[in-house]
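Notes to accompany the following structure.
Predicted model, so just to flag it, every value in this text is computed and none were measured.
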Amino acid sequence: MKNSILAVFITVVSLVFSKEATAQKFPGLDKSPMDAATYPESYRNSNKKVKVIYSRPQLKNRKLSKLAPEGKVWRTGANEAAEITFYQDVIFGGKEVKAGTYSMFTIPGKKEWTIVLNTSLNVWGAYFYKQKEDVVRVQAKVRKSKKSLEAFSIVFDGEDEEFTMYLGWGKSIVSLPIKG
């Protein structure tokens, strides 16, 4: 009987003081959630040509020019710099790019945005951006939308080997042709 009571006492004390049972804390939801855009978009098509992983900041009554200033390198989203993976060699905005994963930075402008693919991966923001690590810089067209887009978004549209990457935020829609 004493052995049974001692065993129960030891078990209870172990549970009360166990770090495993009480230490795990999960963070709340990110205010700029991570997302992914692919082409082809359908989950039924596993033969993807491109995938972008990025975070989606929101305007929240702020001006786009404050969050992504004209003429300055921007991480293309929030938090970590966006990363783009090409599963085969492509023509990105008219320039050849080898299959692989790259950081994607942008330099916003009024009529054009410069889209930069860079070899540095897993970087936070654009704080550690180095131009010498650029693979390619291309110009993308900007048009204004009548409707404002609250959360930064990336989508692809097209057919077969020719498609377009769209970046949208506020009333700005940036488009870049890709072949691959």
Atom [atom1] in [X], atom [atom2] in [Y]: separation rounded to 0.5 Å?
X	Y	atom1	atom2	answer
Ile178	Ile91	CD1	CD1	11.0 Å
Glu80	Leu121	CD	CG	12.0 Å
Leu117	Phe86	CG	CZ	5.5 Å

query = For residues 45-56, which residue pairs qualify under salt bridge (Lys or Arg N to Asp or Glu O under 4.0 Å), counting only residues two or more places apart or in two chains?
reply =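 Salt bridge (Lys or Arg N to Asp or Glu O under 4.0 Å) check on residues 45-56 returns Asp35-Arg56, Lys49-Glu161.
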All salt bridge (charged side-chain N to carboxylate O under 4.0 Å, His left out) counterparts of [X], not counting sequence neighbours:
X	answer
Glu70	Lys110
Lys130	none
Asp157	none

Indicate if [X] and [Y] have the same hydrophobic cluster label, given that clusters are the connected sets of ILVMFWY residues with side-chain heavy-atom separations under 4.5 angstrom.
X	Y	value
Val142	Leu64	yes
Val73	Val116	yes
Leu149	Val174	no
Phe105	Ile154	no

request  = With sequence neighbours excluded, give me every side-chain hydrogen bond (donor to acceptor under 3.5 Å, both in side chains) pair touching residues 133-145.
outcome  =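 Applying side-chain hydrogen bond (donor to acceptor under 3.5 Å, both in side chains) to every pair that reaches into residues 133-145, excluding sequence neighbours, yields Thr114-Gln139, Asn118-Asp134, Tyr129-Asp134, Tyr129-Arg137, Asp134-Arg137, Lys144-Ser172.
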ask   = What pairs of residues pass the side-chain hydrogen bond (donor to acceptor under 3.5 Å, both in side chains) test when at least one of them lies in residues 87-97, not counting sequence neighbours?
value =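 Passing the test, one end in residues 87-97: no pairs.
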Taking all non-hydrogen atoms of both residues into account, name the closest pair between [X] and [Y] and its distance.
X	Y	answer
Ser55	Phe152	O-CD2, 3.9 Å
Pro108	Pro69	CD-O, 3.6 Å
Leu176	Ala140	CD1-CB, 3.9 Å

task = Say whether Thr76 and Thr106, considering side chains only, have a donor N or O and an acceptor N or O under 3.5 Å apart.
result =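 Yes.
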ask   = With sequence neighbours left out, what residues match Thr101 under side chain to side chain donor-acceptor pair (under 3.5 Å)?
value =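 Checked Thr101 against side chain to side chain donor-acceptor pair (under 3.5 Å); matches are Thr85.
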Side chains of [X] and [Y], heavy atoms from C-beta outward: is any pair under 4.5 Å?
X	Y	value
Ser103	Val123	yes
Leu67	Gln58	no
Val50	Ile84	yes
Val52	Met104	yes
Ile107	Trp74	no

task = Sequence neighbours left out, what pairs pass ring-ring contact (aromatic ring centres under 6.0 Å, His included) with at least one residue falling in residues 25-51?
result =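 Of all non-adjacent pairs touching residues 25-51, those that pass ring-ring contact (aromatic ring centres under 6.0 Å, His included) are Tyr39-Phe163.
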query = Which other residues belong to the hydrophobic cluster containing Met34, where Ile, Leu, Val, Met, Phe, Trp and Tyr are joined when side-chain heavy atoms lie under 4.5 Å apart, directly or via other members?
reply =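 Ile53, which link up through side-chain heavy atoms under 4.5 Å apart, make up the rest of the cluster.
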For residues 164-171, please give each side-chain donor-acceptor pair under 3.5 Å, one per line with the distance, not counting sequence neighbours.
from	atom 1	to	atom 2	distance (Å)
Trp169	NE1	Glu150	O	3.0

query = Got a sec, which residues hit ring-ring contact (aromatic ring centres under 6.0 Å, His included) with Phe156, two or more places apart in sequence or on another chain?
reply =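 ring-ring contact (aromatic ring centres under 6.0 Å, His included) list for Phe156, sorted by chain: empty.
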query = If only atom types and distance count, is the side chain of Ser153 paired as donor or acceptor with the main-chain N or O of Ala151 below 3.5 Å?
reply =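 Present.
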message = Test side-chain contact (heavy atoms from CB on, under 4.5 Å) on Phe92 and Ile115; report intermediate values, then the result.
response = CA-CA 10 Å; Phe92 184 76; Ile115 299 181; 3.8 Å; yes
request  = Could I get the full list of side-chain contact (heavy atoms from CB on, under 4.5 Å) partners for Tyr127, not counting sequence neighbours?
outcome  =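 side-chain contact (heavy atoms from CB on, under 4.5 Å) list for Tyr127, sorted by chain: Arg75, Trp124.
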